[in-house]
There are 2 protein chains.
Amino acid sequence: MRDIKQKILKNQYAGMRLPDERSLSEAYGVSRSSIKRALGILAQQGIIFKKRGSGTFINPLYLKNQSLFHYEGSNLGITDSFQLDGKKQSIQLLDYQVVPASADIQEELFLSDTDFVYQIKRLRLIDDQPFMIETGFIPIKIVPTLSPAVVNSSIFNYLEDTKGKRVTKSFTTISVSPSTADDQQLLELKPTEPVAVMDGVFFLDDGTPFEVSSMRIHYHYMRYSTFINLDQEG
Amino acid sequence: MRDIKQKILKNQYAGMRLPDERSLSEAYGVSRSSIKRALGILAQQGIIFKKRGSGTFINPLYLKNQSLFHYEGSNLGITDSFQLDGKKQSIQLLDYQVVPASADIQEELFLSDTDFVYQIKRLRLIDDQPFMIETGFIPIKIVPTLSPAVVNSSIFNYLEDTKGKRVTKSFTTISVSPSTADDQQLLELKPTEPVAVMDGVFFLDDGTPFEVSSMRIHYHYMRYSTFINLDQEG
DNA sequence: AAGTGGTCTAGACCACTAC
DNA sequence: TAGTGGTCTAGACCACTTA
């Protein structure tokens, strides 16, 4: 899959058309089923279109606009969703405490009355411009070793590097809101300027809910792109 | 896949756990590969989690909150994304003309200098409350038979019913903006109240780009939910 | 050690498109 | 009619979890 994707990017297929599946199968020395799986994922991502009876074609929009297409939604809809390429990221820790899990949070993280969570509020900046206020809740029993030092950078990376646990799934809702006084102060907004709100639950590989998070994003930096494909939905 | 989904909804599996793939294969009288494909789609949608070595489990959040989870993003991120259940939908046609395709639109719809497009501006309402201004561009050569009467309801349904063409894919970008004077008037917003902006390209089944659309949505009605799963991304 | 999901194969047959 | 992708099968073997 990766190799075919590279070839598409490098324009190594003539006429926006890929070889047929049987040829690819032979060329790569794998079964047709495996080729089919690879192409299926690329089709799901909108990189190619399959047309029964005629062949498999590259989506021209993808070539023109990879930067957008590169499927920002795929990065779990968080920091990487924003244009952080060459820019300096930083974090200000605004709040860090351990509190009992509220009823709402118990429900979303599958906790009981007796569970505690970290409550972490951070301001994220790029090139010293504040762009997002993030308030997250994480069960202490999942990462008992969290500390303010860790929280000053990526919690997801910490988890992956030290515990081998990956955060690979999320359920997120995006909405829009006028800015509150708190937003205006922290994000340096005028009263007429709005924020985007992303509320989400993040899960580990195995489905364990790991964090509930609410993000308030400076409207100027909010941009969320997705490719939707209804083919595989029964 | 549909049958298993029903059984999940009706709580016909004990302990939030599905039978193993080999049993399901036998029970349904199909191969394990077919079961695997069905479960793969449900996992992609966040309905179940697969754990190698231990089994397949129902996502409890899905049972608690199907209404949200029912994956509004899947409806191509448009009207169905909003809470229109029992409510009365209506449309006001604000503009309807045929114009030459601009450079931008030519690029996104793969048209040439000589192509013309319908330019259609509509105000959508639910229960007589305006909630979205939609400006769309559609190549005349794809639907030469469009008319104001058609445009007063769903163009997608018209296409499917009369031409057998389905709109199954979209590429959409969501952002946030303060309301303009036009927004404020049409959507009955105060100057401090913002709008969500959804810009997108919609494609037919076979990858033909069908419409470029820009939607400005009353912030009160904007809510976009997605489940993201990074498992299948290489 | 037993049971689970993950990957992969080799091939049959079907449905559609284009010529 | 030839060529394309779609669906499905029966089975081998691997990687991981749990007891």
Side-chain angles (χ1 to χ4, degrees), chain A residues 1-4 8 13-59 163-166 168-169 203-208 229-234, chain B residues 1-4 8 13-59 163-166 168-169 203-208 229-234:
Chain A
M1 186 190 94
R2 273 190 291 271
D3 193 72
I4 292 174
I8 290 173
Y13 293 119
M16 304 301 281
R17 184 187 176 159
L18 266 60
D20 70 277
E21 295 183 348
R22 286 157 181 93
S23 309
L24 285 170
S25 162
E26 204 173 338
Y28 282 97
V30 298
S31 70
R32 188 179 158 214
S33 316
S34 298
I35 290 293
K36 196 172 265 305
R37 189 147 56 97
L39 296 186
I41 294 172
L42 295 178
Q44 189 64 33
Q45 300 180 351
I47 294 173
I48 57 177
F49 296 111
K50 296 168 151 203
K51 295 171 78 163
R52 179 192 283 208
S54 26
T56 301
F57 301 86
I58 299 171
N59 179 351
K163 313 267 177 180
K165 293 177 178 173
R166 291 182 57 213
T168 55
K169 305 175 210 307
F203 302 86
L204 302 179
D205 241 6
D206 64 4
T208 310
N229 188 336
L230 258 44
D231 285 350
Q232 289 209 333
E233 305 234 344
Chain B
M1 185 191 94
R2 273 191 290 271
D3 193 71
I4 292 174
I8 290 173
Y13 293 120
M16 304 301 280
R17 183 187 178 159
L18 267 60
D20 69 276
E21 295 182 347
R22 286 159 181 93
S23 309
L24 285 170
S25 160
E26 204 173 339
Y28 282 97
V30 300
S31 70
R32 189 178 157 214
S33 317
S34 298
I35 290 292
K36 195 171 267 303
R37 189 147 57 95
L39 296 186
I41 294 171
L42 296 178
Q44 189 65 32
Q45 299 180 352
I47 295 173
I48 57 177
F49 295 112
K50 296 167 152 204
K51 296 171 77 164
R52 178 192 284 208
S54 26
T56 301
F57 301 86
I58 298 170
N59 180 353
K163 313 270 177 177
K165 293 177 179 176
R166 291 182 57 214
T168 54
K169 306 174 211 302
F203 302 86
L204 301 179
D205 240 6
D206 63 3
T208 310
N229 188 337
L230 258 45
D231 285 351
Q232 289 210 334
E233 305 234 344

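Numbers restart at 1 for each chain; the letters A, B, ... are given by sequence-line order, proteins then strands. Predicted model, so just to flag it, every value in this text is computed and none were measured.
- The residue A/Lys51 sits close only to the backbone: its heavy atoms come under 4.0 Å of sugar-phosphate atoms, none of a base.
- Within the structure, every pair that satisfies the salt bridge (Lys or Arg N to Asp or Glu O under 4.0 Å) test and touches residues 43-58 of chain A, not counting sequence neighbours, is listed here: A/Glu21-A/Lys50.
- Using a 4.0 Å cutoff to heavy atoms of chain B, the contacted part of DNA chain C runs 5' to 3' from C/dG3 to C/dT7.
- Legend: ring pair (Phe, Tyr, Trp, His ring centres under 6.0 Å) pairs involving residues 18-55 of chain B, not counting sequence neighbours, sorted by first then second residue: A/Phe203-B/Phe49.
- Screening residues 22-31 of chain A for salt bridge (Lys or Arg N to Asp or Glu O under 4.0 Å) gives no qualifying pairs among residues at least two apart or on separate chains.
- Note on B/Asp231 versus A/Lys169: salt bridge recorded, some NZ/NE/NH1/NH2 to OD/OE distance being below 4.0 Å.
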Anything under 3.5 Å between a protein N or O and an N or O of nucleotides 1-3 of chain D, put it in a table, one pair a line.
{"unit_1": "D/dG3", "atom_1": "N2", "unit_2": "A/Gly53", "atom_2": "O", "d": "3.0"}

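- Not counting sequence neighbours, the partners of A/Ser33 by the side chain to side chain contact (heavy atoms under 4.5 Å, CB included) test are A/Ser31.
- In this view, A/Phe57 satisfies the ring-ring contact (aromatic ring centres under 6.0 Å, His included) rule with no residue, not counting sequence neighbours.
- When each of A/Glu21 and B/Gly29 is assigned the nucleotide of DNA chain D bearing its nearest heavy atom, the one mapping closer to the 5' terminus is A/Glu21.
- Across all strands shown, A/Arg37 has heavy atoms under 4.0 Å from sugar-phosphate atoms exclusively, and none from any base.
- The side-chain hydrogen bond (donor to acceptor under 3.5 Å, both in side chains) search around B/Ser54 returns none, not counting sequence neighbours.
- Listed by chain and number, the residues in a side-chain hydrogen bond (donor to acceptor under 3.5 Å, both in side chains) with A/Tyr13 amount to none (sequence neighbours excluded).
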